[in-house]
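Presented below is the structure to which this report refers.
Residue numbering restarts at 1 for every chain, and letters A, B, ... go by the order of the sequence lines. Side chains included, hydrogens not; waters and symmetry mates left out as well; all remaining heavy atoms used.
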There are 2 protein chains.
Amino acid sequence: MNSVQLSLSQNNKHCSIKTRYAVTGWQGEHSMARRSDHSRDEIREMALSAAEKIVREHGYKGFSARKVASAIGYTVGTLYLVFDNLDDLILQVNGRTLDRLHARMLREQAACGQAAARLLRLGHSYIRFANEEPHCWGMIFEHRFAQNQATPEWFQVKVARMFALVEAGLAPLAGNHSPQEIAQAARALWSGVHGICILAVTDKLDVVGVDSVQDLTHYLMDNFLRGFTGS
Amino acid sequence: MNSVQLSLSQNNKHCSIKTRYAVTGWQGEHSMARRSDHSRDEIREMALSAAEKIVREHGYKGFSARKVASAIGYTVGTLYLVFDNLDDLILQVNGRTLDRLHARMLREQAACGQAAARLLRLGHSYIRFANEEPHCWGMIFEHRFAQNQATPEWFQVKVARMFALVEAGLAPLAGNHSPQEIAQAARALWSGVHGICILAVTDKLDVVGVDSVQDLTHYLMDNFLRGFTGS
DNA sequence: TTGAATAATGAACAGTGTTCAGTTATCTTT
DNA sequence: AAAGATAACTGAACACTGTTCATTATTCAA
């Protein structure tokens, strides 16, 4: 045995100990993946980053189960051993996008000392992210579940984490506002930033270029904050 | 001949004079629509309202060319004589949704005397519309064109018309702000309202019920307006 | 009545998500 | 080492999707 790896599947499947062999070079008649080349979690990881790449390059529409499968050297059937369905796969990709977004906002605001400036920077980070990864970012909102299927808890947590970041930035400026009001203000403000972003991306704002969007965001936040702090 | 109708197709096709016969009761072997039962524009209209109904009831996903076709008693092929493709059809439906939305906002703000109250009412009209026709409203933003295809001018006009309504509501409160600033404020404010709306619909705001969304919208507009007018 | 024109069809094509019987390859036990 | 059990993986099948276009059916003009 070359190496042993403990694979812990996340989908209520049984845990299983699997042996993973080094690639031998032999690739079969059609270079198809051989049994136990990869653990379930490895396949999961490969599929997710392959899907991510496809979405990044060709958007939500240019994305399909067969494309993801062939990109990682497996067939469709295997995908369905690792994911419940395509909605599940997409939700995972969206989760990772939220992770990247959150990490970026966290990183870029850290350098900022002033509370107000820090909050504005959060907005700008968001816009820049949406501009650099429009397809991945957009899929979070384009994708809709089959008829009123509730969003899973773990995903809701990732969203809440973003609002928490805004709340934290808002708190120093809040004066004597109650925590509840701060929470509401964070939601309102951030929805506003998001609204600008999505209308700009879907070509409904009649603005051109990233800078105009940044200006608009700045304008919204600036006025809101004056209203919020000035009374 | 029973009646003659001038049919003016809108898609750079030739204009054609067509005769339309009253329904005879004979429906063929499979009750399929007979030649010249309807003019091109009538088919267009039938298809649009059938599509609208499907979207309203089953959402963007439960919508297909064949379903629309069979709902109006024709086959797929006929749809492609009247529309360029499905994207075209969807865009037309979206245009009509924007028309209804605009009409409603125009109607409901008229009753309001106070400028500030009128503006708030605009926001509430928007939220209520999105809540009553979530699928139709959502499709305006869910739908994305094939790879960077520009939004047609006539559609942009319908969007601009909505922003103009906000601008008009904002103008009496603008003090010595320039028209350019008013335009920017209208975009910022309205994007904000829209952002709240879309995050609420896609279940990412952790708020429940229409009232909470209304409150949040009110909160955003209120603070923004205080910031906008107070300096 | 014949011929041209056009309205409408429906089969065909290449793609989609999803399932699952069947075929391996690997592990365990004898 | 051979056989049996187990799990990995395939790939064909199903019912869909958007789109095209040769055929057919109907109507109008000559």
Report summary line: Regarding the side chain of R40(B), the nearest nucleotide among dA7(C), dG10(C), dT10(D) is dA7(C)
**Report entry** Residue E57(A) excluded, over 12 heavy atoms near CD under 6.0 Å
**Finding:** yes
Query raised in the report: Quick one: is dT16(C) close enough that its OP1 or OP2 comes under 4.0 Å of any side-chain N or O from S64(A)?
Result: yes
Report task. Round to the nearest Å and state the distance from D37(B) atom CG to dT27(D) atom C1'. Result -> 13 Å
Report task. Decide yes or no, distance alone: a donor-acceptor N/O pair under 3.5 angstrom between the base of dG18(D) and the side-chain of R66(B). Result -> yes
Query raised in the report: For T78(A) and A65(B), take the nucleotide of DNA chain D holding the closest heavy atom to each; which residue's nucleotide lies nearer the 5' end?
Result: T78(A)
Requested in this report: Would you mind reading off the distance between L79(B) atom CG and dA7(C) atom P, rounded to a whole angstrom?
Outcome: 15 Å
Query raised in the report: Roughly, in whole Å, what's the span from NE2 in H38(A) to P in dA25(C)?
Result: 16 Å
Requested in this report: Consider the side chain of L81(B), meaning its heavy atoms from C-beta on, and name the nucleotide among dT18(C), dT10(D), dA8(C) that approaches it most closely.
Outcome: dA8(C)
Report summary line: Closest non-hydrogen contact found for K204(B) with I140(A) is NZ-O, 3.4 Å
Query - Atom-pair distance (CG on D88(A); P on dG17(C)), nearest Å - result: 14 Å
Report task. Using a cut-off of strictly less than 4.0 Å, decide whether Y74(B) has a side-chain nitrogen or oxygen near OP1 or OP2 of dT9(C). Result -> no
Report summary line: Closest of dT16(C), dT9(C), dA8(C) to the I43(B) side chain is dA8(C)
Requested in this report: Check whether the side chains of H194(B) and Y126(B) place a donor and an acceptor atom closer than 3.5 Å, and report yes or no.
Outcome: yes
Report task. Measure from NZ or CZ of R187(A) to the centre of the six-membered ring of F163(A) and say whether it is under 6.0 Å with the direction within 45° of the ring axis. Result -> yes
Report task. Round to the nearest Å and state the distance from N85(A) atom CG to dT16(C) atom P. Result -> 17 Å
**Report entry** Euclidean distance, atom CE of residue M46(A) to atom C1' of dC9(D) [Å, nearest integer]
**Finding:** 14 Å
Report task. Using a 4.0 Å heavy-atom cut-off across all strands, classify K67(A) as base, sugar-phosphate, or nothing. Result -> sugar-phosphate
Requested in this report: Whole angstrom is fine here: how far is it from CG in L89(B) over to C1' in dT19(D)?
Outcome: 14 Å
Query raised in the report: Quick one: K61(B) NZ to dT18(C) C1', roughly how many Å, whole number?
Result: 14 Å
Query raised in the report: Considering heavy-atom distances to DNA chain C, does L86(A) or G77(A) have its closest nucleotide positioned more toward the 5' end?
Result: L86(A)
Requested in this report: Run the ring-centre check on H135(B) versus H58(B) and record whether the distance is less than 6.0 Å.
Outcome: no
Query raised in the report: Which nucleotide, dA8(D), dG18(D), dT19(C), lies nearest any side-chain atom of Y80(B)?
Result: dG18(D)
